[in-house]
Enquirer: 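The structure under discussion is supplied below as structure tokens; questions concerning it will follow.
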Amino acid sequence: MNLTYNAASLGYTSIYYYSKQFKKITGMSPSQYQKMVRISKKDPLYEQREL
């Protein structure tokens, strides 16, 4: 999914603000995260959450 869609679906009206908050929470930018997921073919943040 693209950054604009993700931000809008979460209620953010500013992609800049969404990116800033994403980095604050995850420690990486949305594009860095997307690259990491593509390379590893899995979602590392999902695996860290307790189910």
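These numbers come from a predicted model, not from an experiment. For the numbers below, each heavy atom of this structure counts, side chains included, while hydrogens, waters and symmetry mates do not.
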Enquirer: For T13, enumerate each residue passing the side chain to side chain contact (heavy atoms under 4.5 Å, CB included) test, keeping only those at least two apart in sequence or located in another chain.
Expert: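 If we apply the side chain to side chain contact (heavy atoms under 4.5 Å, CB included) test to T13, skipping adjacent residues, there are no hits.
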
Enquirer: Taking only residues two or more places apart in sequence, or in another chain, which ones meet S31 in a side chain to side chain contact (heavy atoms under 4.5 Å, CB included)?
Expert: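 Counting only residues at least two positions away or on another chain, S31 forms a side chain to side chain contact (heavy atoms under 4.5 Å, CB included) with S29.
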
Enquirer: Taking Q32 as the fixed residue, which of M36, K35, M28 is the one that meets the side-chain contact (heavy atoms from CB on, under 4.5 Å) rule?
Expert: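 Result for side-chain contact (heavy atoms from CB on, under 4.5 Å) with Q32: M28.
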
Enquirer: Is the ring pair Y17/Y12 parallel, tilted or perpendicular, if the boundaries are 30 and 60 degrees?
Expert: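 Tilted.
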
Enquirer: Taking it one step at a time, do L10 and Y18 satisfy side chain to side chain contact (heavy atoms under 4.5 Å, CB included)?
Expert: CA-CA 9 Å; L10 293 170; Y18 168 75; 3.6 Å; yes

Enquirer: Would you give the length of the straight line joining atom OG1 of T26 to atom CD of Q21, rounded to the nearest 0.5 angstrom?
Expert: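 Reported to 0.5 Å precision, the distance equals 10.5 Å.
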
Enquirer: Starting at OH of Y33, measure out to CG of N6 and round the result to the nearest 0.5 Å.
Expert: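 Rounded to the nearest 0.5 Å, the OH-CG separation comes to 10.0 Å.
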
Enquirer: Not counting sequence neighbours, which residues clear side chain to side chain contact (heavy atoms under 4.5 Å, CB included) with I25? List them please.
Expert: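 Checked I25 against side chain to side chain contact (heavy atoms under 4.5 Å, CB included); zero matches.
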
Enquirer: Calculate, to the nearest 0.5 Å, the distance between atoms OG1 and CD1 belonging to T4 and I15 respectively.
Expert: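 One finds 3.0 Å between OG1 of T4 and CD1 of I15.
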
